[in-house]
Colleague: 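Attaching a single structure in structure tokens format; questions to follow.
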Amino acid sequence: MKWNSIRTKLIVFLLLPILICIILTMYISYQHTTDSLRTRAVEENKSLLFQGSQNIGNLIQEINRLSLSVYLDSDFYRLLSTGYDEISANSRIYSSLNYISTSMPSISQVYLYGVKDSKATLIARNSTPRRRQGGPPDVNSAISGTEAVQFQSTHTSTSYGLVSAVDRDASEPVFTLHRRIEKVPTTEALGYLSIDVSLDALSDIVGKLYEQNHEKLYVLDDKGALVYANEAEKLGKPINAAWYDQKIAGAGTQGYFEQNGSVFIYQAVEAPGLHWMLVKQIPGSYLFREANEATKINIALLVLLLIVITLLTILISFRITAPIKQLTNYMNQVQSGNLEVEIRQVGKDEIGVLTRHFRSMMDTINNLILREYRLELSSKTNELRALQAQINPHFLNNTLQIIGTLALELKVPQIYGLLSALAKMMRYSMYNDEKIVTVQDELTHVKAYIELQKERFENRFAFRYDMEEPLLGALMPKMILQPIVENYFKHGFNLQRSDGWIEIAGSRLPSGRMELNIRNNGSRIAADKLEALRLALCKPGLPEPDALKTPDSRRDAPGSGIGLANVLARLRLVCGDDAELTVDNLEAGGVVVRLEFEFLVESDRV
């Protein structure tokens with residue numbers, strides 16, 4: 001379908017608003033749904049992470065309470081202050097550490113270092129207690145600073161320098177509470193206590209805070225190291241993520257943000273010596289899955305709806321535009337020349353009214369305008385026949401034949417040649433029913449005329465023609481070239497010169513039309529007369545301007561009454577209104593007459 005047709009525009013302008021409204025509705029609905037899901041998810045997860053932080057805080061508080069039990073056990077505290085070498089003292093220390101180790105199933109091992117006598121003791125689950133005397137405390141256990149408690153992020157459990165205390169194969173990820181046991185009320189260190197807690201204790205709490213197959217949850221310490229994460233190989237290592245540096249580092253207690261197509265909700269976990277951050281990452285594809293599923297359903301319904309609407313729109317547009325196309329078809333038939341086309345009623349709406357008016361108009365044309373046109377055409381035909389009758393009486397042709405025969409008998413071939421040329425002209429003029437001839441026929445007629453003029457003017461001029469072979473079969477009106485050539489002898493030929501010439505050249509134009517140029521080297525046309533002639537050619541069919549006629553009867557020739565304006569009128573009558581005849585002076589002297597009309601051969605005629 002073409003864009004400039006009413007049918008195409010009707011279909012487009014009906015479908016486009018519907019499509020835009022549906023798409024906008026879906027977009028607004030999707031945005032509203034996603035905003036609602038985001039708000040609900042954020043609020044629910046804030047509450048969930050807050051509860052998770054409380055549970056983690058309770059775990060940390062319980063571990064911290066166990067680490068403070070050394071202050072409540074007076075014997076343990078005294079032995080740590082004074083040092084211990086006896087078996088009973090060692091047994092007492094083991095008993096206190098074992099109490100801490102067995103108080104929570106998630107405690108992996110307990111390490112104690114006494115500053116007084118540089119003794120290190122390690123009690124591990126399912127392992128024999130180990131002791132070492134001498135040497136410094138473990139680097140991570142010997143905390144300094146104002147805070148007596150510190151938590152070490154997740155790491156692989158070690159033996160704290162006590163060989164074989166824990167088998168290497170039994171190593172597991174743990175996080176550790178390190179406490180400096182002080183000599184109250186001072187901050188002097190009596191010893192260092194470290195409690196390794198299995199990560200399972202944290203996993204039991206954190207695992208309930210997220211959907212492990214779709215979401216991610218991170219527990220980060222204040223340095224950005226991973227205490228807990230989905231990927232076990234990243235535990236204890238600094239997190240390498242832009243969202244942490246941009247949003248989490250230095251953030252408040254609770255909040256959320258969106259980045260990289262995910263929603264992040266965070267919640268701080270605060271305890272003595274511990275500053276952790278719970279961060280939950282929810283991918284947008286999972287968070288908005290309900291909205292996406294609804295969108296897919298809406299798109300499927302939209303496609304189905306568009307198919308139905310398109311079919312209905314096309315059906316309606318065809319019903320509306322079919323009468324218009326029928327009316328256009330009627331007009332095309334009239335344009336092609338069929339003025340008797342039968343115009344049928346196409347409805348009672350505005351298009352039906354237009355069709356009735358068009359039918360009435362065509363009736364008027366057939367009854368009035370067409371009749372006048374045919375009368376004018378008949379008048380032109382009669383005029384042409386009258387002009388031809390001036391030079392083609394039958395008796396003259398018969399007489400010429402008798403004279404030609406006598407010339408042969410008297411052996412004067414020159415006279416016979418001239419009479420033959422004149423006879424050809426007579427025969428060509430006699431066939432009045434042939435209004436359209438070929439270029440070849442016109443050229444033959446001109447040659448016969450030239451033969452007579454050469455004898456008349458004693459060969460003081462030359463004649464030549466240059467015609468493309470396909471153009472010889474082209475059709476044109478009869479008696480067109482000879483009147484133009486005749487004007488050369490009437491108005492332009494100089495009897496004082498012997499180098500005169502006249503030329504006829506034809507060629508095919510790129511547009512598919514053809515042109516004929518009749519040139520001569522005779523006298524130029526004066527500027528005022530040329531302008532008058534051009535004005536006369538604007539109204540073909542009028543007599544040639546009197547200013548261009550000569551009173552010299554000696555230079556008159558047959559057909560001198562057929563002017564250029566009349567030639568153009570007959571050319572347009574046969575070849576169409578776009579046929580052209582132009583006259584101009586040549587720069588080197590002389591005149592050129594140019595004819596341009598449609599290239600038409602016998603097979604193209606209807």
Side-chain angles (χ1 to χ4, degrees), residues 335-338 377 380-381 383-385 387-388 391-392 397 417 420-454 462-488 501-520 537 540 558-559 562-583 591-606:
Q335 185 179 7
S336 64
N338 183 14
L377 185 61
K380 291 292 184 181
T381 302
E383 178 185 355
L384 177 59
R385 291 179 176 178
L387 291 171
Q388 292 174 342
I391 60 174
N392 67 354
N397 183 59
S420 296
L422 183 58
K424 288 180 182 179
M425 294 183 62
M426 294 298 99
R427 285 194 299 271
Y428 189 74
S429 302
M430 287 172 58
Y431 296 106
N432 292 330
D433 292 336
E434 295 182 359
K435 306 178 192 62
I436 300 176
V437 297
T438 64
V439 174
Q440 178 69 63
D441 295 335
E442 274 289 280
L443 198 58
T444 301
H445 179 64
V446 170
K447 288 178 182 179
Y449 175 75
I450 290 295
E451 289 297 322
L452 294 174
Q453 296 293 51
K454 280 187 176 182
F463 171 72
R464 56 180 179 267
Y465 64 91
D466 182 14
M467 194 75 60
E468 297 179 3
E469 185 66 26
L471 296 183
L472 295 176
L475 300 178
M476 64 181 299
K478 191 175 183 179
M479 296 292 291
I480 292 293
L481 294 181
Q482 186 265 332
I484 298 175
V485 173
E486 183 181 5
N487 282 336
Y488 167 61
W501 57 264
I502 184 168
E503 177 188 68
I504 300 176
S507 62
R508 186 80 178 269
L509 299 176
S511 62
R513 292 159 65 85
M514 62 177 290
E515 69 171 0
L516 297 175
N517 290 287
I518 301 94
R519 305 184 184 90
N520 63 71
L537 292 176
I562 304 177
L564 293 179
N566 188 271
V567 169
L568 177 58
R570 290 188 293 110
L571 187 65
R572 287 183 174 175
L573 189 64
V574 174
C575 299
D577 292 338
D578 57 348
E580 298 178 5
L581 187 152
T582 57
V583 183
V591 178
V592 57
V593 178
R594 179 179 177 272
L595 303 177
E596 180 182 336
F597 50 91
E598 289 293 332
F599 178 81
L600 188 68
V601 295
E602 187 66 32
S603 60
D604 295 331
R605 298 181 65 181
V606 179

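Fair warning: this is a prediction, and the values are worked out from it, not measured in the lab. Atoms considered below: every heavy atom in the structure, side chains included; atoms not considered: hydrogens, waters and symmetry mates.
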Colleague: CD1/I450 to NE2/H445 distance, rounded to the nearest 0.5 angstrom?
Modeller: 10.5 Å
Colleague: After noting the C-alpha distance and the side-chain angles of K447 and F463, does the key distance pass the side chain to side chain contact (heavy atoms under 4.5 Å, CB included) rule?
Modeller: CA-CA 9 Å; K447 288 178 182 179; F463 171 72; 4.3 Å; yes
Colleague: On a heavy-atom basis, which atom in L481 and which in L443 lie closest, and how many Å separate them?
Modeller: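 For L481 versus L443, the nearest heavy atoms are CD1-N, 4.5 Å.
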Colleague: Between V593 and N517, does a side chain to side chain contact (heavy atoms under 4.5 Å, CB included) hold up when you go through it step by step?
Modeller: CA-CA 6 Å; V593 178; N517 290 287; over 6 Å; no
Colleague: Could you go through I518 and V485, starting from their C-alpha distance and side-chain angles, then the distance that decides it, and tell me whether this counts as side chain to side chain contact (heavy atoms under 4.5 Å, CB included)?
Modeller: CA-CA 7 Å; I518 301 94; V485 173; 4.3 Å; yes
Colleague: Which one of T582, L595, I480, L581 satisfies the side chain to side chain contact (heavy atoms under 4.5 Å, CB included) criterion with L568?
Modeller: L581
Colleague: Quick check: closest heavy atoms across L571 and F597, and the distance to 0.1 Å?
Modeller: CD1-CD2, 4.0 Å
Colleague: Test of understanding: with salt bridge (charged side-chain N to carboxylate O under 4.0 Å, His left out), list the residues that count as partners of E503, not counting sequence neighbours.
Modeller: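 Once residues adjacent in sequence are excluded, the partners of E503 under the salt bridge (charged side-chain N to carboxylate O under 4.0 Å, His left out) criterion are R464, R519.
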Colleague: Atom OH of residue position Y465 - does it have more than 12 heavy atoms of other residues, nucleotides or ligands inside 6.0 Å?
Modeller: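 No, not enclosed.
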Colleague: Please lay out, stage by stage, how C575 and E598 fare under the test side chain to side chain contact (heavy atoms under 4.5 Å, CB included).
Modeller: CA-CA 7 Å; C575 299; E598 289 293 332; 5.6 Å; no
Colleague: What residues, two or more places apart in sequence or in another chain, satisfy salt bridge (charged side-chain N to carboxylate O under 4.0 Å, His left out) together with R508?
Modeller: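 Counting only residues at least two positions away or on another chain, R508 forms no salt bridge (charged side-chain N to carboxylate O under 4.0 Å, His left out).
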Colleague: With sequence neighbours excluded, tell me which residues meet salt bridge (charged side-chain N to carboxylate O under 4.0 Å, His left out) with E442.
Modeller: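 E442: no salt bridge (charged side-chain N to carboxylate O under 4.0 Å, His left out) contacts found.
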Colleague: So which atom in W501 and which in Y488 form the shortest heavy-atom distance, rounded to 0.1 Å?
Modeller: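 Smallest interatomic distance, heavy atoms only, reads N-OH, 3.7 Å.
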Colleague: Test of understanding: with salt bridge (charged side-chain N to carboxylate O under 4.0 Å, His left out), list the residues that count as partners of D578, not counting sequence neighbours.
Modeller: R513
Colleague: Would you say that K478 contacts R570 through its side chain, given a criterion of any heavy-atom pair below 4.5 Å between the two side chains?
Modeller: no
Colleague: Between L516 and G506, which heavy-atom pair has the shortest distance, and what is it?
Modeller: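 Nearest pair, atom of L516 first, then G506: CD2-CA, 3.7 Å.
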Colleague: Among residues at least two apart in sequence or on other chains, which ones pass side chain to side chain contact (heavy atoms under 4.5 Å, CB included) with V439?
Modeller: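 Side chain to side chain contact (heavy atoms under 4.5 Å, CB included) check on V439 returns M467, A474, M476, M514.
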Colleague: When rounded to the nearest 0.5 angstrom, what is the spacing between CD in E515 and CD in E596?
Modeller: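 So the gap between those two atoms works out to 6.5 Å.
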Colleague: Report the residue from L564, N520, V567, V583 that forms a side chain to side chain contact (heavy atoms under 4.5 Å, CB included) with N487.
Modeller: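 Per the side chain to side chain contact (heavy atoms under 4.5 Å, CB included) rule, the option paired with N487 is L564, out of L564, N520, V567, V583.
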Colleague: Just to verify, what does T438 make a side-chain hydrogen bond (donor to acceptor under 3.5 Å, both in side chains) with, not counting sequence neighbours?
Modeller: D441
